[in-house]
Amino acid sequence: MSAVNWRAETMLLLRHSDDATRSKRVDRGRLSEMVGRALAWDERERHRLYIQYVDSAEMIPFGNMTMLARRSDFPITI
């Protein structure tokens with residue numbers, strides 16, 4: 001299992017329903033926080049969510065977020 005920087009600064013974005021090239025920022029914070037926010041999102045719209053690292057073009061689609069959340073090293077906040 002490769003290491004994940006759960007503290008990396010990221011943005012949670014929602015693709016516009018009519019135009020897949022446009023998105024709006026939902027939130028900004030640590031990777032672990034944004035994965036948690038995405039998992040709490042309305043199931044009917046989750047497929048439109050993705051995470052983008054700040055100052056990078058690297059993106060994580062919702063399907064990969066669920067895999068990240070299942071990792072044994074995923075931080076659980078109480």
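Under the 4.5 Å side-chain heavy-atom criterion for ILVMFWY residues, a single connected hydrophobic cluster contains both Met59 and Val54. Under the 4.5 Å side-chain heavy-atom criterion for ILVMFWY residues, a single connected hydrophobic cluster contains both Met34 and Leu49. At a threshold of 4.5 Å between side-chain heavy atoms, the hydrophobic network of Ile, Leu, Val, Met, Phe, Trp and Tyr places Val4 and Tyr50 in two separate groups. Linking Ile, Leu, Val, Met, Phe, Trp and Tyr residues whenever their side-chain heavy atoms come within less than 4.5 Å leaves Met11 and Val26 in two separate clusters.
Contact of the Tyr53 side chain with the Ile60 side chain is registered, since non-hydrogen atoms from C-beta on lie closer than 4.5 Å. Under the 4.5 Å side-chain criterion, counting only non-hydrogen atoms from C-beta, Phe74 is not in contact with Leu31. A 4.5 Å side-chain heavy-atom check between Trp41 and Arg46 finds at least one atom pair inside the cut-off.
Nearest heavy atoms, Arg71 versus Ser2: NH2-O, 2.7 Å. The two atoms that bring Trp6 and Asp73 nearest to each other are NE1-O, 3.2 Å, heavy atoms only.
Panel note: side chain Thr10, backbone Gly29; a donor-acceptor pair is recorded below 3.5 Å. For Glu33 (side chain) and Arg37 (main-chain N/O), no donor-acceptor pair under 3.5 Å exists by modelled atom type. At distances below 3.5 Å, not a single donor-acceptor pair connects side-chain atoms of Arg7 with backbone N or O atoms of Arg30. The backbone N or O of Glu9 sits nowhere less than 3.5 Å from a side-chain atom of Arg28 that would complete a donor-acceptor pair.
Note that CD1 of Ile51 is 10.0 Å distant from CG of Asp27, once rounded to the nearest 0.5 Å. For the atom pair CZ (Arg15) and CZ (Arg22), the distance works out to 13.5 Å, reported to the nearest 0.5 Å. Between Glu43 atom CD and Phe62 atom CZ the span is 8.0 Å, to the nearest 0.5 Å.
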